[in-house]
Amino acid sequence: MKSSQQSPLFSSFKLGPYTLNNRIIMAPLTRSRASDEQVPQPMMLTYYEQRASAGLIISEASQVSAQGAGYANTPGIYNDEQIIAWKQITDAVHDKGGRIFLQLWHVGRISKPELQPNNATPVAPSAIKPAGDYITPRALELEEINSIINDFRLAAENAKKAGFDGVEIHAANGYLLDQFLRDSTNHRGDSYGGSIANRARLTLEVTKAVVEVWGSDKVGIRLSPINPFNDISDSNPEALFTYVIEQLNPLNLAYLHMVEMAMTPPIDDSPVFDVASLKKLYQGVYMANGGYNKTTAIDVIENEPVELVSFGELYIANLDLPARFRNNAPLNPVDESTKYGGNEKGYIDYPALV
Ligand code: PHB
């Protein structure tokens, strides 16, 4: 029997051109500490620098355009001020021997006029209101879809200027790309709606545009096939995501980042399926996410076609998670009240192991 310290979870991993120090990945986490202008603040530098022992950090979701914002104080990657602030963060992570990808995000209908330029109505594939405290979005015109793809391309270029090691495309959790994928939110009659191939078109075009900027081995993508978060569902998610993965396979991306859990209870009558089938279908590097701990992460890396495991919740309160796993050290509990927004408290003051 190998001791858990010798698990491949703790061994280095070749990800594209990079050698990660371990397979313990920091998942993207919205923490809402950017300025009101969506510029990263100095406390964000400390936060990411503190977590540089992760095999890879994936940044919090960062909007590719002002239109892409859905929450106050999430950072953007669409102007020079944001690029300059992010560059200081990536430099700090690199100085500590870490690697960091930026997550590229557009929230689509999960926004509000007060968060949009000129108080505009949020945009979506179709004018379908999400449940909860949202308004009915405006359906994007066909001509506008090209500008969305271009926003992702420009944001990918900006991420390069900001010194990131790569980017992750956020096609998960009920935000814009996921809204295009699913037939509950996409009722379009043009080439971006209807068939599975049409609904997947935007995600695949965005991915190809970003790959043109970065090269395929520095681009990851995140999907959440069984997550109803943000009031999203599909009549046949298994067929939809099987198609998406078959299309992603030949692109040879750096990794597929799979949210394997549901963040909210299921929507009535929506079909459920086992994401394990997708894990086998994907031919490249598979990053598992969703409620893993040390034991379950060691288990999937040893016994399943899983190369990397990402941890969100645990990384909020445990900046030195690889060391804690290695030493079987206790984990700090998360302070729920300081998760989103606020100041340094509950952000950069979690204690490290001594
Ligand atoms: C959130 O702010 O709650 C959030 C943001 C991005 C996600 C998921 C959740 O992908």
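Atoms within each ligand, like the ligands themselves, are counted from 1 in listed order.
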Check whether the side chains of [X] and [Y] place a donor and an acceptor atom closer than 3.5 Å, and report yes or no.
X	Y	value
Asn293	Thr296	yes
Tyr255	Glu307	no
Ser235	Asp183	yes
Ser233	Arg182	no
Tyr47	Glu60	no
Tyr175	Asn230	yes

When you check ligand 1 against the protein, what N or O pairs turn up below 3.5 Å? List the atom names and distances, or just say none.
unit_1   : atom_1 : unit_2 : atom_2 : d
ligand 1 : 3 (O)  : Tyr340 : OH     : 3.3
ligand 1 : 10 (O) : His170 : NE2    : 2.7
ligand 1 : 10 (O) : Asn173 : ND2    : 2.7

